[in-house]
Protein chains: 2
Amino acid sequence: MNDNNKKNHYRYSRQRERLLVILRSTSSHPTAAWLYDRLKPEFPHLSPGTVYRNLTILIEQGLVRKIDAGSTFDRFEAKTDPHYHLICRKCGTITDFEKRFFTEIDEEIRSSTDFAIDGHRIDFFGTCADCRAKS
Amino acid sequence: MNDNNKKNHYRYSRQRERLLVILRSTSSHPTAAWLYDRLKPEFPHLSPGTVYRNLTILIEQGLVRKIDAGSTFDRFEAKTDPHYHLICRKCGTITDFEKRFFTEIDEEIRSSTDFAIDGHRIDFFGTCADCRAKS
DNA sequence: CTACTTGCAAACTATTTGCGTTACG
DNA sequence: CGTAACGCAAATAGTTTGCAAGTAG
């Protein structure tokens, strides 16, 4: 009956606002730990729980997305427009790719399964320019 | 100087052989816990460590792949031929899709980045037939 | 015999949660 | 004022690791 355990409405929180601002100001797809370290000087009593709870809320609000890129930890991004990720096999860096979105492939899948497809995620793997320069 | 901590060669192990057979006999993309439960009756003294260690070895050998599908736990598959995953948003089931592989999209990305792309992964999201029937 | 593999148990890491307090609306 | 959000600390979940004993080659 209850929609899991989502709140009725969200109250303003300075910590959450700053978290979103920082997340929007970087393209590095940071981890929760990185965000915590980044925010700690501003809020000396900040706790990891607060970071995680706020990330969850921001995700519920559709302002942030969680990324799995094969690590043991989660990464986050505030980009909400459709885009892909280029993941470097050497250094793990994630780079956004937004020049092209292959909406047409969903249609191809739809036509040959009984799955009701509403979206897709693509990660491209390879070696970034920096890593190639180093070897 | 040392190649991380990989072994010089792999010795035969009955546990590992059975693990691979079971993994090859299912299309359910199981978790380590599921594999452990499945193998436990055959090896009453089996430990989780053995399952994880052997999965790591099978991955190094290129016989098994680890899948991240947004869960807190890893899933594994013994399919090594290129294919995609259809992930149900309701029940989390992962279904293989192998009818079509979009090799051409790598080329499109290559031409507009300085990333040396050598492969991609696509996950399609939606609702599976079973879940649609239930609602 | 050498060193890879095992079982067991303890350790580890990232994340979540309970609780009493603070503060937004 | 009611209840969402906080900080703190303890708990959890999944996975990894150290060690002594077993075993493949």
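Basis for what follows: all heavy atoms, side chains included, without hydrogens, waters or symmetry-related copies. Here is how names work: the chains are called A, B, and so on, in the same order as the sequence lines, proteins then strands, and each is numbered from 1.
- Contacts between residues 38-47 of chain B and DNA chain C, defined by a heavy-atom separation below 4.0 Å, involve B/His45, B/Leu46, B/Ser47, listed by number.
- Members clustered with B/Tyr12: none, using a 4.5 Å side-chain heavy-atom cutoff among hydrophobic residues.
- In this structure, A/Phe76 atom CZ and C/dA14 atom P are separated by 12 Å, rounded to whole Å.
- The phosphate of D/dC6 (OP1 or OP2) has a side-chain N or O of A/Gln15 nearer than 4.0 angstrom.
- Side-chain contacts under 4.5 Å among hydrophobic residues (ILVMFWY), followed directly or transitively, place A/Val21 with no other residue at all.
- In this structure, A/Arg14 atom CZ and C/dG25 atom P are separated by 14 Å, rounded to whole Å.
- Side-chain atoms of B/Phe124 and B/Tyr84, non-hydrogen and from C-beta on, do get closer than 4.5 Å to each other.
- Between A/His120 and A/Phe101, the ring planes lie parallel to each other; the angle is under 30°, not in the 30° to 60° tilted range.
- Considering only residues two or more places apart in sequence or on other chains, B/Glu107 meets the side chain to side chain contact (heavy atoms under 4.5 Å, CB included) condition with B/Arg110.
- Going from atom CH2 of A/Trp34 over to atom P of C/dA14 covers 17 Å, rounded to whole Å.
- Taking the side chain as every heavy atom from C-beta outward, A/Arg89 and B/Asp118 approach each other to under 4.5 Å.
- For the ring-ring contact (aromatic ring centres under 6.0 Å, His included) test, no residue two or more places apart in sequence or in another chain qualifies with B/Tyr10.
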Original post:
What string of B, S and - do you get for nucleotides 19-25 of chain D 5' to 3' if you count protein non-hydrogen atoms under 4.0 Å?
Top reply: ----BBS

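- Nucleotide D/dA4 holds its P atom 12 Å from the CD atom of A/Glu60, rounded to whole Å.
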Validation: residues 90-97 of chain A side-chain donor-acceptor distances under 3.5 Å, sequence neighbours left out:
unit_1, atom_1, unit_2, atom_2, d
A/Asp96, OD1, A/His29, NE2, 2.7
A/Asp96, OD1, A/His83, NE2, 3.3
A/Asp96, OD1, A/His85, NE2, 3.3

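- With rounding to whole Å, B/Tyr52 atom OH is found 7 Å from D/dT16 atom P.
- Rounded to whole angstrom, the span from the CZ atom of A/Phe73 across to the C1' atom of C/dC12 amounts to 15 Å.
- Between the CG atom of B/Leu55 and the P atom of D/dG14 there is a distance of 15 Å, rounded to whole Å.
- Applying a 4.0 Å cut-off to non-hydrogen atoms, none of the residues of residues 22-29 of chain B approaches DNA chain C.
- At least one side-chain heavy atom of A/Ile122 sits less than 4.5 Å from a side-chain heavy atom of A/Phe102.
- Between D/dG7 and A/Thr50, a contact under 4.0 Å exists linking OP1 or OP2 to a side-chain N or O.
- Clustering of Ile, Leu, Val, Met, Phe, Trp and Tyr by side-chain heavy atoms under 4.5 Å joins B/Phe76 with B/Leu19, B/Leu20, B/Ile22, B/Leu23, B/Trp34, B/Leu35, B/Tyr36, B/Leu39, B/Phe43, B/Leu46, B/Val51, B/Leu55, B/Leu58, B/Ile59, B/Leu63, B/Val64.
- In the helix from C/dC12-D/dG14 to C/dG25-D/dC1, the terminal helix axes, each the rotation mapping four pairs' C1' atoms onto the next four within five end pairs, subtend 30°, rounded to 10°.
- In this structure, CZ on B/Arg75 lies 7.5 Å from OG on B/Ser28, to the nearest 0.5 angstrom.
- Residues meeting the side-chain hydrogen bond (donor to acceptor under 3.5 Å, both in side chains) test with A/Thr113, sequence neighbours left out: none.
- Straight-line distance from the CG atom of A/Leu35 to the P atom of C/dT15: 11 Å, rounded to whole Å.
- Evaluation of the side-chain hydrogen bond (donor to acceptor under 3.5 Å, both in side chains) rule for B/Arg132 yields no partner, not counting sequence neighbours.
- The shortest distance between side-chain heavy atoms of A/Ser13 and A/Asn54 falls below 4.5 Å.
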